[in-house]
There are 2 protein chains.
Amino acid sequence: MSVQTQDRSYRIGEVAERVGVTTRTIRYYEELGLLGTAAARTKGAHRLYTDADITRLEELIRLRDLLGLSLEELLELAEAEEARAALRDQFAESASDRERARIVKAARPLIERQLELVRARQQRLSEFADELSERLRSLDERQAELDWKREGGSRR
Amino acid sequence: MSVQTQDRSYRIGEVAERVGVTTRTIRYYEELGLLGTAAARTKGAHRLYTDADITRLEELIRLRDLLGLSLEELLELAEAEEARAALRDQFAESASDRERARIVKAARPLIERQLELVRARQQRLSEFADELSERLRSLDERQAELDWKREGGSRR
DNA sequence: TGCTTACTTGACGTTCACGTAAAGATACCA
DNA sequence: TGGTATCTTTACGTGAACGTCAAGTAAGCA
């Protein structure tokens, strides 16, 4: 049923390219605590990322771009989420069912919170769209009025 | 039919308060060309704004906040729109019908463009919302699975 | 007419979100 | 076992979008 996520690991350059940001951005986000400082390293010192890490980064970027959240706001949102994403891939190997239940439970309110933010933004955009449509309608009305006057009405 | 917009004028401080920005922001926007440098002045030198100017400013702020447009992007979007908003309030007194028709015609594509941008953003947000919902669903599924195991299953 | 408040134009300062360069260590590949 | 591409940290630089003085002028009011 569940597809085993092929558990390769990626170095920062590859991650950057895949996600569409620079390595600087990734390091900066780590510096801010947006990506667990826990990102594994090679025996040397090179950072190593999992598929889960990449997913998480993409998520952050999306929240940033679509909702215009500042990195500080992202941090708030993410702080509690830390554990979740970090543990997501090792979910399969995680110890007990009690542990699993805990993780699942903890993850929910965070996604809910994100969904709330998205919904709120959708609401405001919807209002904006309505206003713009209304303006188009109003313009068309004036247009028709003028056309009518110029065709049937008095010419000066 | 049309309500005569009460044609008071406002000074920068009052505008700032009403719109919810600082005077600095308003001057900065003018500096960038976002607000016609034409903003009337008193015989002295104090800037004077009309209701139309305020509406326009609010619109800019909304595009900035809801779509995350940079001021430069706003400028592009607005450049052609300049005439429209500037002339909007004096529409009633504008010279000929030919002139009015011209204004109405010029206004349309700009509003259309804004609407396009809003729609695009709505689209992306919608996709995001769907993904988040899907995640919630998936979490609930796991939750149920775990609950089932813990109740009916083997205890260790 | 004077007083207080609000505005004017500079001009320098600040925060955020990275960019960029330097100097060295590490990883991979022939 | 080199050589080269990729990574490491450190640190200063940068553009956008304003904030914040400072010194002077204009407006509204007793």
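Every value quoted in this text rests on a predicted model; they were computed, and no experiment measured them. Heavy atoms only: backbone and side chains are in, while hydrogens, waters and symmetry mates are out. Within every chain, numbering begins at 1; the chains are lettered A, B, ... in the order of the sequence lines, protein sequences first and strands thereafter.
- As rounded to whole Å, 11 Å separates atom C1' of D:dT8 from atom CD of A:E30.
- Look at A:R18 and A:E58 and you find no salt bridge, because none of the NZ, NE, NH1 or NH2 atoms lies under 4.0 Å from a carboxylate O.
- Put simply, A:R41 has a side-chain N or O that comes within less than 4.0 Å of OP1 or OP2 on D:dT9.
- Taking atom CD of B:E14 as the reference point, atom C1' of D:dA27 lies 14 Å away to the nearest angstrom.
- Judged by distance alone, the side chains of A:D51 and A:Y10 do bring a donor and an acceptor atom under 3.5 Å apart.
- Nucleic acid contact for B:T22: sugar-phosphate only, since backbone atoms but no base atoms lie under 4.0 Å from a heavy atom of the residue.
- Considering only side-chain atoms of B:R11, the nucleotide from C:dT26, C:dA6, D:dT9 that sits closest is C:dA6.
- Side-chain proximity of B:T25 to D:dT9, D:dA26, D:dG19: nearest is D:dG19.
- Using a 4.0 Å heavy-atom cutoff across all strands shown, B:T23 reaches no nucleic acid atom at all.
- Atom NZ in B:K43 sits roughly 18 Å away from atom P in D:dT25 (whole-Å rounding).
- Residue A:Y28 places no side-chain N or O under 4.0 Å from the OP1 or OP2 atom of C:dG19.
- Residue B:R47 places no side-chain N or O under 4.0 Å from the OP1 or OP2 atom of C:dC7.
- Nearest nucleotide to the side chain of B:L71, out of C:dC7, D:dC7, D:dC18: D:dC18.
- With no hydrogens or angles considered, a side-chain donor-acceptor pair links B:Y29 and B:R64 at under 3.5 Å.
- Atom CD of B:E17 is surrounded by 12 or fewer heavy atoms from other residues, nucleotides or ligands within 6.0 Å.
- With D:dA11, C:dT26, D:dA26 as the choices, the nucleotide that has an atom nearest any side-chain atom of A:H46 turns out to be C:dT26.
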